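In what follows, a single structure is set out as structure tokens and then discussed.
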Amino acid sequence: MIRRNWFHVLVALAERDLHGAAIADDVLERTGGELRLWPATLYRALDELVEAGLVEELGDDERPEGESRRRRYYRVTRKGRVALAEEAGRLEALAHEVRARLGDPA
Amino acid sequence: MRRPPSWFRALLSLLPERFRREHGEEICELASRYAEGRSAPGRALVWARAGLDLLVVAARGRTGLFDGLVRDVRYGVRSLRRDLGFALFAVAIVGLGIGASVTVFSVARALLLRPLPFDDPDRLVFVSNGDFGRGQALSAISVQSGHVESLRASATQFVDVGGYHLFDREGDHTLHLAGGPVRATRLRVTDNFFDVLGVEPIVGRLFAPDEVLDESPPVILLTWPSWQRHFQGDPGVIGSSVRLDATSATVIGVLPASFDYTQIFAPGSRVDYVAPFPWSERSHRTGNTLAVIGRLAPGATLASAQAEAEAAVLPPGERINDFEPVVTPLREHLSGGYRPTVLLLSASVVLVMLMVCANLSNLLLARGAARERELSIRAAIGAERRRLVQQLLTESLMLAGAGTLLGVLLAVNGTRLLATLDLRIPMLGQTRVDATALVLAVGAAAAVALLFGVAPALRGTDVDPGESLQDGARGSSHGRGHSALRRMLVVSQVAMACLLLVASTLTARSLVHLTRTDLGYEPGGTIAMRIDPSQRFDDDEVRVRYLSDVLDAVRAAPGVRAAGLADMLPMAFNRRWDARAIDRSDERVFPYMRLVSEGYVEAMGLEVVEGRSLTADDGPDAPSVGLINEVLARALWGDDSPVGSRVRTSGREFEVVGVVRSTRQLSVDQEPGPEMFLHIRQLADHNAIHLIVRADRPTEDMVALTRAAVRGVDGRVPLDQVVALGAVVDSSLAPRRFLAWLLGSFAAFALALAALGIYAVVSYSVAQRRREIGIRIALGATSTLVVRHLVRDTLTMTALGLTAGLGLALAASGLIRGLLYGVAADDPLTLGAVALVLLSVAVAASWLPARRALAVSPVEAVSGEIGGRG
């Protein structure tokens, strides 16, 4: 099971490489305003994800064109994708179990 | 994008170095983005939330201290949650104590400490007129303008001397705006008044020399509130002409919001515009008009300024009124009179705070004793004592922190409430909880937590695991040390509660004396309202006829017993003129002067002790007549009858036709001064008039009836300022009532804390001595004996506390003496009553737990002991 903050950051990065503020925007939007990642928490989570090898920081030559060097960009690693996929499977199984208990045929 | 607040940037430095370097800028950027597009409070909330987040991350990133702290806090939260009642109570008393302290400190700061909002305010002085005595008499602080001009001309010790006109009354003028006419209040000042204070207009300019002559076309400055209210803050109003009364005036500037004249010089009133008061012969002739403010020259002292002011007094031939200058620092003049009250309140909150500390300490000690086993177990499994102490201190810091939060919340609301009360105390309206007060609160709380947490923490952790665990529930040897300390705390609490009770009882008794004071007139059942015929009728004769019609109409209304007119109401406004008894002596006196009509004496409930009252026949063509009060009669005629004698005042002679009982003109607590009543029909020196009506009806009916009668005579004469005279008297007592109320609540709080302290100690001692009590009962001691023993113990502590408290109360009586009325600071009845109350409370507080001791069954107590070993 992945920590909630890690999970949402990974989901944001699954589609494309982003900088911190863009990740926060994505999470806020996707959760319908429910989850606002406060700045220090967000960057600490990113640091931890990098340390755990789930996310890597883009090198200078890999940044999108026209972007200044001021912002750091992040990308999900292969290990990160695997972890995210595992989590998705777990959630799926969990959702399935919940539906079964509720007697919902879907 | 907005920049992050500086405190947020400062917080960044708490983050680990590398993390900050790599992400600091982006953290600020993201927080700014969250804050964007919100209202100011919303932005503040977002920054606070982001700051908190930053703190949490910073704390987690550090090892050692922070790690331990986080663990201690978690443990503390758990442990306090288990003991929620204790935690809530501790937070509540710390909150109340801090709330009261911060509120009183904020008041002290506003009244006595914070600099006045003027340029270099410490060099400003007030020059009052000693001849008229001190106090609230307006003439006592005003000076004839010629004296001031003379002082200005010769000034070397003053940079400059200016003044404001004291007798501009509220709503005396009419400002004609696009939306219709509004009542406006004027303030007249000398041309240099704002230069003396160092106040600059925020828009436009101050008066020019050619605008401050008698014949200059009128120019005015707007005050900030009036500019906002009447002109919506439009700068375009500068240079425009506004209709003011029957003329037009040019607006030349707007005064800054910081120049809050009413808050500083005339609390409870308001000013809409400022007009120049010329330095002219005509101004001089109007008598005592100016309140004088000067700015001391560099190097000048109060004494040198005083000497210079005395030398500048005009010689007798050139003056109407005497001038005996008394130079005092401006702040002293404005709020110095409130110093004793503020000091008393400060001393009281210090006591309250000390009691809170004692109580908290007591609670923590009791808790420590109760947790002995828990701590022993932790020590037995290897916890260092240092860690245990740190743990307990963290808990007391948490309690203090939550208490501070509550206290600051209370103080913010308390000061806000205070500022809205109409107590007419200068600068009280500007009371705010500011940064200094907050620092004080946090410092006090931290000190409380550490000082009063340390002793219980040290004691609580001073455990020998082996002994304590074996010893079971019974207190071991240091249990006795506990109770000695707790007893001392109780004794000191009783002493402090005693002090507060004495102070509040004395204040309350003063208030009772005052409300029962004979004012000399009967304010109940009387209302007054102001009518202004001068707005409608230019002609004196028409105006007098209008007033007669109004009186006739009102007197004809059902239930009305009497109706009269006066140019000012007692305790609301006053004025003194000089007067001399012709053929009696050359001695001049300065009676309060009121212009009244027939019916005034009856409507106010004054008593004519000699001669007759004024009648409608004392018209403009009849001989000029007046009434005097007993004080004036005694001052000028001694034991002789003044009726039929003549008095010269205001350049005319009046025959004294009657003597009335003296009334308290200024306030309930000031003795009556000399007073004279002239007939309004004979002296048309007035604009607005107060109509005073006495009737056998409830106030609302009386107001409605009177209003209808006045409107019936002429619907277009302005009518305002409707008051019940009882309310006017009441508001003169408002500050005292407020003080009594505050001290009363402090005392009640203190009494409750003392009672709780006693209760806790006795309960504890009963719990500790269950076995002993059980054995005693088993050995045949009667229940009475056991209870008596416990109660006697309490009475000893209370007696010790009372002795100390009463001794201190006598020693500190100087602090309160000046604030009392009709009761001495060492009043034996008060002291006795307080002692009795405290003793009864102490007995009651010890009786309840002592009764519990009786429920102890000998078998259970002793066998419980054996069971405890098992």
Side-chain angles (χ1 to χ4, degrees), chain A residues 2-13 16-60 62-64 66-75, chain B residues 1-39 41-67 69-70 73-74:
Chain A
I2 307 181
R3 274 192 233 165
R4 189 184 61 155
N5 289 347
W6 286 21
F7 174 72
H8 283 287
V9 170
L10 286 173
V11 173
L13 290 174
R16 59 199 158 105
D17 305 343
L18 293 170
H19 58 77
I23 297 173
D25 284 350
D26 184 84
V27 173
L28 191 64
E29 197 180 325
R30 187 155 33 77
T31 57
E34 285 281 311
L35 181 65
R36 185 186 293 271
L37 290 174
W38 291 96
T41 300
L42 168 68
Y43 287 101
R44 188 181 154 87
L46 281 168
D47 267 14
E48 288 165 346
L49 282 164
V50 169
E51 206 169 307
L54 302 180
V55 164
E56 62 187 3
E57 209 187 307
L58 296 195
D60 286 351
E62 296 171 292
R63 286 172 198 282
E67 262 297 339
S68 74
R69 289 177 154 220
R70 215 162 47 78
R71 287 172 163 170
R72 288 162 190 270
Y73 272 76
Y74 298 89
R75 162 191 302 155
Chain B
M1 193 174 293
R2 278 169 189 271
R3 294 172 49 76
S6 52
W7 62 262
F8 188 82
R9 289 203 161 268
L11 282 184
L12 283 177
S13 63
L14 294 177
L15 292 169
E17 159 68 22
R18 205 175 71 94
F19 187 70
R20 181 177 72 230
R21 209 178 46 237
E22 287 182 354
H23 303 299
E25 277 311 308
E26 286 186 70
I27 285 176
C28 288
E29 191 189 315
L30 181 55
S32 305
R33 184 196 287 222
Y34 284 160
E36 224 174 16
R38 288 168 192 265
S39 60
R43 273 204 306 278
L45 217 64
V46 165
W47 282 112
R49 185 62 189 77
L52 189 70
D53 174 60
L54 209 145
L55 279 178
V56 170
V57 168
R60 254 197 280 151
R62 309 253 162 178
T63 47
L65 178 66
F66 273 116
D67 257 7
L69 184 66
V70 170
V73 168
R74 282 220 183 107

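Since we're looking at a predicted model, the values are computed, not measured. Naming convention: chains lettered A, B, ... in sequence-line order (proteins, then strands); numbering from 1 in each chain.
Atom CD1 in B/Ile27 sits 11.0 Å away from atom CZ in A/Arg44 (nearest 0.5 Å).
For A/Leu46, no part sits under 4.5 Å from any heavy atom of chain B, backbone or side chain.
Of all the heavy atoms in B/Leu54 and A/Ala40, the pair that sits closest is CA-CB, 3.7 Å. Scanning all heavy atoms of the two residues, the minimum distance from B/Tyr34 to A/Pro39 falls at CE1-CD, 4.2 Å. Here the shortest heavy-atom pairing between A/Thr41 and B/Val57 reads N-CG2, 3.7 Å. When all heavy atoms of A/Leu42 and B/Leu30 are compared, the pair lying nearest together is CD2-CD2, 3.7 Å. The shortest non-hydrogen separation linking A/Ala21 to B/Arg33 is CB-NH2, 3.5 Å.
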Kindly determine whether B/Glu29 and A/Arg71 satisfy side-chain contact (heavy atoms from CB on, under 4.5 Å), including the steps that lead there.
CA-CA 10 Å; B/Glu29 191 189 315; A/Arg71 287 172 163 170; 2.3 Å; yes

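Most heavy-atom pairs under 4.5 Å with chain A: of the set B/Val46, B/Leu52, B/Leu12, B/Leu55, this distinction falls to B/Val46.
Within 6.0 Å of CZ in A/Arg30 there are more than 12 heavy atoms belonging to other residues, nucleotides or ligands.
Judged by distance alone, with hydrogens and angles left aside, the side-chain atoms of A/Arg72 form a donor-acceptor pair with the main-chain N or O of B/Glu22 at under 3.5 Å.
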